[in-house]
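These numbers were taken from a predicted model, which means no experiment stands behind them. Keep in mind that the numbers below use all heavy atoms, side chains included, and drop hydrogens, waters and symmetry copies. The chains referred to below are lettered A, B, ... by the order of the sequence lines, with proteins before strands, and numbering in each begins at 1.
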There are 2 protein chains.
Amino acid sequence: MRITRKSDYGLRAMCELAKSHGRSPISITEVAAAQGIPDPFLEKIMQELKSAGLIAATHGRGGGYSLERAPNQISVREVIEALEGPMALVTCLDPALKCMIEDGCPTSSFWALINERFEQALGATTLADLLQRIPGSHSPKHTIPEESGLVQ
Amino acid sequence: MRITRKSDYGLRAMCELAKSHGRSPISITEVAAAQGIPDPFLEKIMQELKSAGLIAATHGRGGGYSLERAPNQISVREVIEALEGPMALVTCLDPALKCMIEDGCPTSSFWALINERFEQALGATTLADLLQRIPGSHSPKHTIPEESGLVQ
DNA sequence: CTACAATCAGATGCGAAGATGAGAATCACC
DNA sequence: GGTGATTCTCATCTTCGCATCTGATTGTAG
């Protein structure tokens, strides 16, 4: 019941790129230093984000990574799913697997509901939204639409 | 970003106990068979649930486990936290650790908000609520959206 | 050509998931 | 009341995937 480090790092890295969007690309070393992420691990993460088409890489001196789209056009959900595949809070929700308990599984529909609300919340938030709320850590609640709340 | 198997199994086991609440206790073997959980793993889980005071064990013939409280008095959140400790979607939310990035961490407050909603949703649902949902008569069998267009 | 930065191929440490087997408590029954 | 069946309890061991590191290779600007 925890976001993997991969997703955590990946999202923070994307935010770092978003900060400098429009300017020159940023190297892995810079991102890693700014966000306290181990270099080699970040490298793999960036690779996957690039495969998903979220970021672009430029080789050589002065090179690095940059966003493929504007920060307000990239949702948190896209970043997470690029790194972890389709959202599935519980293994039985994973499309790749199927729930063994045919009927009478008391938790599947519950988890499915939570999962759906989770998806909505992450899908409704963009990198630009995240950057807007950094300063005070106590921030306005209107950033995430109420309908996407996890509580019914 | 996935509920651990431990929590998944633990919650299903608690539901199984809730079904027979008031009657004689149920053995690990029975619960494991009913929910498709490996016996030895379930044993450890039950041990932790017992330490948390959620269930009681009786030895010997006809023994097994039973709920310490009524199903409508035990929330999903209690079960999960008994097995995983305090909820923390991201490591930096864990009370035991602290976020290294002093200021400017763009994601911490976002995750904190999601985490809070998660807590509320799990805290507001009891084992009795879960059991009411199972029949499958009215709620469709959570058919998984096949073609999930992730990156759009 | 050379310094810089991404790319690629491995090996390692660690914790979760699951397996195995021996031991201790309780009950049924003779 | 002792014997054995049943069930929880406890310690240890493998397996597997995540997180991390090391080093070599390729591509690009100056």
Engineer: If you take all heavy atoms of A:His21 and A:Leu67, which pair is closest and at what distance?
Structural biologist: CD2-CB, 3.8 Å
Engineer: When the nearest nucleotide of DNA chain C is assigned to B:Gly62 and to A:Gly62 on a heavy-atom basis, which residue is associated with the more 5' position?
Structural biologist: A:Gly62
Engineer: Nearest to the side chain of B:Pro40, which nucleotide is it out of D:dA19, C:dT20, D:dT7?
Structural biologist: C:dT20
Engineer: Would you mind classifying the nucleic acid contact of B:Thr4 as base, sugar-phosphate or nothing, using non-hydrogen atoms under 4.0 angstrom?
Structural biologist: sugar-phosphate
Engineer: Here's a test of your reading of the structure: between A:Phe41 and A:His59, which maps to the more 5' nucleotide of DNA chain D?
Structural biologist: A:Phe41
Engineer: Expressed in angstrom and rounded to an integer, what is the separation of B:Lys50 atom NZ from D:dC8 atom C1'?
Structural biologist: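 One finds 8 Å between C1' of D:dC8 and NZ of B:Lys50, rounded.
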Engineer: Tell me the interatomic distance from B:Tyr9, atom OH, to C:dA16, atom P, rounded to whole angstroms.
Structural biologist: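 Atom-to-atom, B:Tyr9 to C:dA16, this comes out as 15 Å.
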Engineer: A:Arg61 has an atom CZ; how far is it from atom P of C:dC4, in whole Å?
Structural biologist: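 These atoms are roughly 6 Å apart.
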Engineer: Take the protein atom OH of A:Tyr65 and the nucleotide atom C1' of C:dA5, then report the distance between them rounded to whole Å.
Structural biologist: 9 Å
Engineer: So, A:Ser20 side chain and A:Arg23 main chain: donor-acceptor pair closer than 3.5 Å or not?
Structural biologist: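 A pair under 3.5 Å: no.
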Engineer: B:Tyr65: what forms a ring pair (Phe, Tyr, Trp, His ring centres under 6.0 Å) with it, not counting sequence neighbours?
Structural biologist: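 For B:Tyr65, no residue satisfies ring pair (Phe, Tyr, Trp, His ring centres under 6.0 Å) once neighbours in sequence are set aside.
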Engineer: Tell me if the side-chain of B:Lys44 makes a donor-acceptor pair with the base of D:dT9, cut-off 3.5 Å, by modelled atom types.
Structural biologist: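 Absent.
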Engineer: Yes or no on side-chain contact (heavy atoms from CB on, under 4.5 Å) for A:Lys6 and A:Phe41, after CA distance, side-chain angles and deciding distance?
Structural biologist: CA-CA 8 Å; A:Lys6 192 160 136 183; A:Phe41 194 23; 4.1 Å; yes
Engineer: Shortest non-hydrogen contact from B:Ala34 to B:Glu16?
Structural biologist: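 For B:Ala34 versus B:Glu16, the nearest heavy atoms are CB-OE2, 3.5 Å.
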Engineer: How long is the line joining CD1 of A:Ile45 and P of D:dC21, in whole Å?
Structural biologist: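 For the pair A:Ile45 CD1 and D:dC21 P, the rounded distance is 12 Å.
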Engineer: When the distance from CD1 of B:Ile26 to C1' of D:dT7 is rounded to whole Å, what number comes out?
Structural biologist: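 Checked: the CD1 to C1' distance equals 14 Å.
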Engineer: Between D:dG17 atom C1' and B:Arg5 atom CZ, what is the distance in whole Å?
Structural biologist: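 Computing the B:Arg5:CZ to D:dG17:C1' distance gives 11 Å.
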Engineer: Heavy atoms only, 4.0 Å cut-off, all strands: where does B:Gln47 land among base, sugar-phosphate and nothing?
Structural biologist: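 Sugar-phosphate contact only - B:Gln47 comes under 4.0 Å of backbone atoms but never of a base.
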Engineer: Without decimals, in angstroms, what is the distance between B:Asp39 CG and C:dG21 C1'?
Structural biologist: 14 Å
Engineer: Classify the side chain of A:Glu43 and the base of D:dC21 as holding, or not holding, a donor-acceptor pair under 3.5 Å.
Structural biologist: no
